[in-house]
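Take a look at the structure set out below.
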Amino acid sequence: MASISFRHLYKKYPGGVTAVSDFCLEVKDKEFIIFVGPSGCGKTTTLRMIAGLEEITEGELFIGDRLVNDIAPKDRDIAMVFQNYALYPHMTVFDNMAFGLKLRKVPKEEIKRKVEEAAKILDISHLLDRRPKQLSGGQKQRVALGRAIVRNPKVFLLDEPLSNLDAKLRAAMRTELTKIHKRLGTTFVYVTHDQVEAMTMATRIVVMKDGLIQQVDTPQNLYDYPCNKFVAGFIGTPQMNFIDCTLVDKGGDVYIKWEENYVKLPAEKANDPALKDYIGKEVIAGIRSECIKDDAAFIESNPDSTIETVVDVTELMGAEIYLYLTSTEDCSLTARVSPRSTARSGDTIKVAIDASRIHIFDKDTEKCVIH
């Protein structure tokens, strides 16, 4: 198998459009790494540069210890799974999976063995005689994966492979892909705009915006320690709440203040040296939805971080309720609370914020000051 090394990669198109800028990354052997970001951020372009489908404008790309900038796609020992499956409609599932091996003049017996092995891994052995039009979306996706698996490549490249599936099947295929990755022990590079896919499957996530890497880390670290407001807002469902506020010192205690609301920061945050220069200045406070609580006991024990809000909408999600709240005219908040919550649309309720988990961002640079 293989590691991948990106060394200052750029992709520039005619007319001065730069799709990817100074992309530096080391992908470890057997890692499941996911590129995530909004549409147009350069993630698919980066994947296509690994595949050799896009020329590299500047920089070096190594697969293993081999520089592949000028090596043809067919000689890179990679396999790509596309969003639209790209199956041949006139061929059976067996022939679709075997096609690449036939082109390489692999002996018939070996082709049969490899296809049957891959079909067993993917639980599609009973589909080998069918044609693509007789398959469901999930089955087509497995065939596309099978076609990649039989080649036993050093690197799998997957470009939004689950985006055409319904929600239930997408969740099932996420689990299957994770199992397949462990079973094959191969390097997976996966592109998606769906941060739930990224959070549930990746060893590490690369968050991209406007062709630039914002942060590379494990899913949990991205969630707990985002480096800037963009990463904080992109990772996590519902999205992190952001409040434009001022840091104020009241009698030696530090509060975040917006309009008439005051929320006291705990001592370990208030005493952080990084915060010293921001006292009296405007900042952005970031608060995860699960850190806003309507639980009476929590409210009672946290009077310094309790605010009054109006409930605009409630959404019952089964195991939890999303409350969409207004605290001031310009400040809307989303809280994720217990399904036993009695809050209803139109109610005025008190909520308490878990101030130990507030993130503070610089108003101008949007970089995180403290977590």
Cation-pi between [X] and [Y]: NZ/CZ under 6.0 Å from ring centre and within 45° of the ring axis?
X    : Y    : value
K12  : Y10  : yes
K140 : Y85  : no
R147 : F99  : no
K264 : Y262 : no
K229 : F361 : no

Within 6.0 Å of [atom1] in [X], more than 12 heavy atoms from elsewhere:
X    : atom1 : answer
D75  : CG    : yes
Y324 : OH    : yes
E268 : CD    : yes
E300 : CD    : no

[atom2] on [Y] to [atom1] on [X], rounded to 0.5 Å:
X    : Y    : atom1 : atom2 : answer
I111 : L101 : CD1   : CG    : 5.5 Å
Y278 : I370 : OH    : CD1   : 10.5 Å
E259 : T246 : CD    : OG1   : 11.0 Å
M49  : T45  : CE    : OG1   : 6.5 Å

For a quick check under 3.5 Å, do [X] and [Y] share a side-chain donor-acceptor pair by atom type?
X    : Y    : value
E160 : H193 : yes
T334 : Q239 : no
Y13  : E54  : yes
D330 : T328 : no
E26  : S5   : yes
Q215 : N228 : no

Kindly work out whether a path of hydrophobic side-chain contacts (I/L/V/M/F/W/Y, heavy atoms less than 4.5 Å apart) joins [X] to [Y].
X    : Y    : value
I353 : Y223 : no
I358 : I279 : yes
I307 : V311 : yes
L127 : M91  : no
V155 : L25  : yes

Parallel, tilted or perpendicular: which fits the ring planes of F6 and F23, with parallel below 30° and perpendicular above 60°?
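The rings of F6 and F23 stand perpendicular, inter-plane angle above 60°.
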
Angle between ring planes, F230 versus F234, binned at 30° and 60°: parallel, tilted or perpendicular?
parallel

Between [X] and [Y], is there a donor-acceptor pair closer than 3.5 Å when you use the side chain of the first and the backbone of the second?
X    : Y    : answer
T309 : I349 : yes
R183 : I121 : yes
Q139 : S136 : yes
Q195 : G236 : yes
R142 : L122 : yes
T187 : K30  : yes
H371 : C227 : no

Would you say the side chain of [Y] lies within less than 4.5 Å of the side chain of [X], judging by non-hydrogen atoms?
X    : Y    : result
R48  : T44  : yes
D312 : L325 : no
L158 : V191 : no
R76  : L157 : no
K43  : C41  : yes
M80  : L53  : yes
K257 : K250 : no
V196 : R174 : yes

CA sep, side-chain torsions, deciding dist, call: K102, D95, salt bridge (charged side-chain N to carboxylate O under 4.0 Å, His left out):
CA-CA 9 Å; K102 286 177 180 173; D95 290 334; 3.2 Å; yes

For [X] and [Y], work out which heavy atoms get closest and say how close.
X    : Y    : answer
I213 : C24  : CD1-O, 3.5 Å
S327 : L333 : CB-CD1, 4.3 Å
F298 : N302 : O-ND2, 2.9 Å
K350 : I299 : O-CD1, 3.2 Å
R130 : H126 : NE-O, 4.5 Å
V369 : A274 : CG1-O, 3.4 Å

Applying side-chain contact (heavy atoms from CB on, under 4.5 Å), run through E31 and R204 and close with a yes or a no.
CA-CA 8 Å; E31 190 168 17; R204 286 190 301 157; 2.5 Å; yes

Pairing of E117 and R113 as salt bridge, 4.0 angstrom limit:
yes

Are K154 and D29 close enough for a salt bridge, meaning some N to O gap below 4.0 Å?
no

Any chance you could lay out the side-chain contact (heavy atoms from CB on, under 4.5 Å) test for M240 and H359, step after step, and finish with the verdict?
CA-CA 10 Å; M240 183 183 275; H359 302 260; 3.4 Å; yes

Partner of Q220 by side chain to side chain donor-acceptor pair (under 3.5 Å), out of D224, T218, D217
D224

